[in-house]
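A quick write-up on the structure given underneath.
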Amino acid sequence: MKITLKDGVVKEFDYAVSVLDIAKAISEGLARNACAGIVDGEVKDLRFVVDKDAEVSICTFEDEAGKMAFRHTTSHIMAQAVKRLYPDTKLAIGPSIADGFYYDFDRDKAFTPEELEAIEAEMKKIVKEDLPIERFELPRAEAIKYMEDRQEPYKVELIQDLPEDAIISFYKQGDFTDLCAGPHLMSTKPVKAVKLTSVAGAYWRGSEKNKMLSRIYGTAYPKASELEAYLTMVEEAKKRDHRKLGKELKLFTMLDEGPGFPFFLPNGMVLKNTLLEYWREIHKEAGYVEVSTPIILNRDLWYRSGHWDHYKDNMYTTVIDDEDYAIKPMNCPGGMLIYKQDMHSYRDLPLRMAEIGLVHRHEKSGALHGLMRVRCFNQDDAHIFMTEDQITDEISNVIRLIDSVYSLFGFKYHIELSTRPEDSMGTDAEWEVATNGLRDALERNHIAYTVNEGDGAFYGPKIDFHLEDSIGRTWQCGTIQLDMQMPERFELEYTAADGSKKRPIMIHRVCFGSIERFIGILIEHFAGQFPTWLSPVQVKVLPISEKFADYAKEVADKLDAEGIRVQTDNKAEKIGYKIREARNERVPYIIVVGEKDQEAKKVSLRSRKNGEEGQVDLADVIARIKEEIRTRALN
């Protein structure tokens, strides 16, 4: 039996072996750290027995599948602790999630902070007990009786809802057994660092018609130092929360009159427009033309594009003159219509069309989150129409453009190549050409990437850019999608060199993604301390008293004349108060003017970077700020 490992090495076995045995055959260290395995593309338990030739990857906590198994095990440890301390509590479900896990419980009252501490302490005891975790299966009727005997009605319901031919598996650790598909660790011992973070209400199976359960959230790591680093990051993230800073800096607001529909305030509009000015500048340099398409278009268009069949649940619809219309969730179908307004030759291609388009998507109220998840947003779309032999060059150009944008803001990023999903349009041959085009561009540019199987758009594969911000969190923003379906559905054509009519191939791509979401990310990335070129207010002028208001105005007017965004604080407050207020507003430069400054025709400067800088010439300050703006320096 040949086992091919992820590095291409082949190991041979004369007998069936478990995933854990394969890990041991590689190294004892790997076996100690193993959390799960991937066998022929499917995540499997360490206990899973491989009995034929297969491709096998061993997953540690460093891998996503390993983290999920580790934290899923921790959710069972928490459930075991709850049952030990509060035996009458009924168990619902307990999956791993991004950054942690949760478990839903049914009890008479919500868990208190004191009870969470007790549960956490009991979990640590269970970890120290090093309980072996055993998997077993039961036939359907026996499985139902097993959970009925333990008075676990939610588990009984889950089993009853499984398909008739489903494998019904359980995991046992000491005095605790849970219905579960796995995977899990081999014992409770590796879960060295645990923190229960919060309690919330959650309807059983997410339906308001069902009972409200108590959901305990937590996280877990193999090492205490890793947990401490994560908790520190969480605390830092709270300080940087864009909703809190957006209010403090008067950038945007969310109102009850429009949940999920952001209102941008004057400062926020300066920030937004500055970003868009930069966007227009780099797109003009990269050979794009800008277009604009309507927000509402008829059903026939959305049917042709495939959105009516594949995306209708996320669309807002209306009726005009007895005809169905939809508010656009995406800009691309309008871009198809613009392409069709002219005859095109192969000499016109590639044709790069860019659009800042306002789109609306129906999001559930529970999913809304500040600017990060909204119901209307501006998308910095572009659609590139090209020939097949231009694919690699055009994708390479887009990669370089997106890289320049993210580098400007100080973001690191990694790239995923997402392949054909189950719900898709087009032939196998078309998808192969499209996927290979993306892959070739990545490899030609020597860009490392991971493959995200089955996560492409319904019309084509895509490259996704995942940003890493200043405190280590990742955000998916930029994307490049290759599409052969829409040009076909809209019957787009160009005249080839031999005079024949051919279909162009199309790229959908965004750099910022949602402008609103990108602003939210920037707020948190910079903790509200935007680089000078982006700051809504670049300089705050503070007269020490009313006597120096005229000189403050003279200074402010000179700054304004040089294109620097400036405000003057003429409030009848002490200068210390005004300085503190300006600092809280994260203004890059504060200019204080008093008697000595007026006499010397100079200003006293404070910068966010250096603090108190003393008395300086205003001309030097202007030159310095203008250079930071010109170069878009990060400060």
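Just the heavy atoms: all of them, side chains too, but no hydrogens, waters or symmetry mates, feed the values below.
Around the CD atom of Gln476, the shell of radius 6.0 Å holds more than 12 heavy atoms that belong to other residues, nucleotides or ligands. Other residues, nucleotides and ligands contribute more than 12 heavy atoms inside 6.0 Å of the CZ atom of Arg632. In Lys501, the NZ atom is crowded: over 12 heavy atoms of neighbouring residues, nucleotides or ligands sit closer than 6.0 Å. The local environment of OH in Tyr311 is crowded, with over 12 non-hydrogen atoms from other residues, nucleotides or ligands closer than 6.0 Å. In the displayed structure, Lys2 atom NZ is contacted under 6.0 Å by at most 12 heavy atoms of other residues, nucleotides or ligands.
Interatomic distance, NZ of Lys67 versus CD1 of Ile97, reported as 14.5 Å (0.5 Å rounding). Note that CG of Asp381 and SG of Cys511 are 10.5 Å apart. Values are rounded to the nearest 0.5 Å. Atoms CD1 and CD1, on Ile22 and Ile58 in that order, are 6.0 Å from each other to the nearest 0.5 Å. One distance of note links OG of Ser407 with CZ of Arg400; it measures 13.5 Å at 0.5 Å rounding.
Using bins of under 30°, 30° to 60° and over 60° for the plane-to-plane angle, the ring pair Phe61/Phe70 lands in the perpendicular bin. The aromatic rings of Phe264 and Phe252 are tilted relative to each other, their planes meeting at an angle between 30° and 60°.
In this structure the side chain of Glu432 never reaches within 4.5 angstrom of the side chain of Thr427, judged on heavy atoms. The shortest side-chain heavy-atom distance between Ser18 and Lys44 does not fall under the 4.5 Å cut-off. Between Val510 and Phe518 the shortest side-chain heavy-atom distance does not fall below 4.5 Å. No side-chain heavy atom of Asp324 sits less than 4.5 Å from a side-chain heavy atom of Trp302. The closest side-chain heavy-atom distance from Cys477 to Ile521 is below 4.5 Å. Contact check for His525 versus Leu467: no side-chain heavy atoms found under the 4.5 Å cut-off. Proximity of Asp393 to Arg444: side-chain heavy atoms (C-beta onward) are separated by under 4.5 Å at one or more points. With a 4.5 Å cut-off on side-chain heavy atoms, Ile38 and Asp63 do not count as touching.
Ion pairing between Glu363 and Arg517 fails under the 4.0 Å rule for side-chain N and carboxylate O. Under 4.0 Å is where a charged nitrogen must lie from a carboxylate oxygen, and between Arg352 and Glu394 at least one such pair does. Using a 4.0 Å cut-off between a side-chain N of Lys or Arg and a carboxylate O of Asp or Glu, Glu516 and Lys272 qualify as a salt bridge.
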Applying side chain to side chain contact (heavy atoms under 4.5 Å, CB included), run through Leu276 and Asn378 and close with a yes or a no. CA-CA 10 Å; Leu276 294 182; Asn378 287 275; over 6 Å; no
Passes side chain to side chain contact (heavy atoms under 4.5 Å, CB included), Thr73 versus Tyr171? Steps please. CA-CA 10 Å; Thr73 299; Tyr171 282 83; over 6 Å; no
Under the side chain to side chain contact (heavy atoms under 4.5 Å, CB included) criterion, do Asp464 and Asn452 qualify, and how do the steps go? CA-CA 10 Å; Asp464 287 328; Asn452 190 2; 5.5 Å; no
Kindly indicate, with the supporting measurements, whether the criterion side chain to side chain contact (heavy atoms under 4.5 Å, CB included) is fulfilled by Lys11 and Val56. CA-CA 10 Å; Lys11 285 196 170 289; Val56 177; over 6 Å; no
Pair Lys52, Asp40 - check salt bridge (Lys or Arg N to Asp or Glu O under 4.0 Å), show working. CA-CA 11 Å; Lys52 60 182 177 61; Asp40 289 335; 3.6 Å; yes
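At least one donor-acceptor pair under 3.5 Å links the side chain of Arg47 to the backbone N or O of His184. Side chain of Thr474 to backbone of Glu468: no donor-acceptor contact under 3.5 angstrom is found. Between the Tyr288 side chain and the Glu355 main chain, no donor and acceptor come within less than 3.5 Å of each other. With hydrogens and angles disregarded, no donor-acceptor distance shorter than 3.5 Å links the side chain of His72 to the backbone of Met68. Judged purely by atom type and a 3.5 angstrom limit, Thr293 has no side-chain atom pairing as donor or acceptor with the backbone of Gly334. Looking only at distances, a side-chain donor or acceptor of Arg503 sits under 3.5 Å from a matching main-chain atom of Leu492.
Glu55 and Thr4 share no donor-acceptor pair across their side chains, judged by distance under 3.5 Å alone. A donor and an acceptor atom, one from each side chain of His466 and Glu416, are located under 3.5 Å apart. For the 3.5 Å distance criterion, the side chains of Asp21 and Tyr15 fail to qualify, holding no donor opposite an acceptor. Inspection of the Asp440 and Thr392 side chains reveals no N or O donor paired with an N or O acceptor under 3.5 Å.
Remark: aromatic rings of Trp475 and Phe411 are distant, center separation not under 6.0 Å.
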Scan the side chains in residues 312-323 for donor-acceptor partners under 3.5 Å anywhere in the protein, sequence neighbours excluded, and list what turns up.
| unit_1 | atom_1 | unit_2 | atom_2 | d |
| --- | --- | --- | --- | --- |
| Asn314 | ND2 | His362 | O | 3.4 |
| Tyr316 | OH | His362 | ND1 | 3.4 |
| Glu323 | OE2 | Asn298 | ND2 | 3.2 |

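The salt bridge (Lys or Arg N to Asp or Glu O under 4.0 Å) test with Glu524 is passed by exactly one of Arg243, Arg240, Arg473: Arg473.
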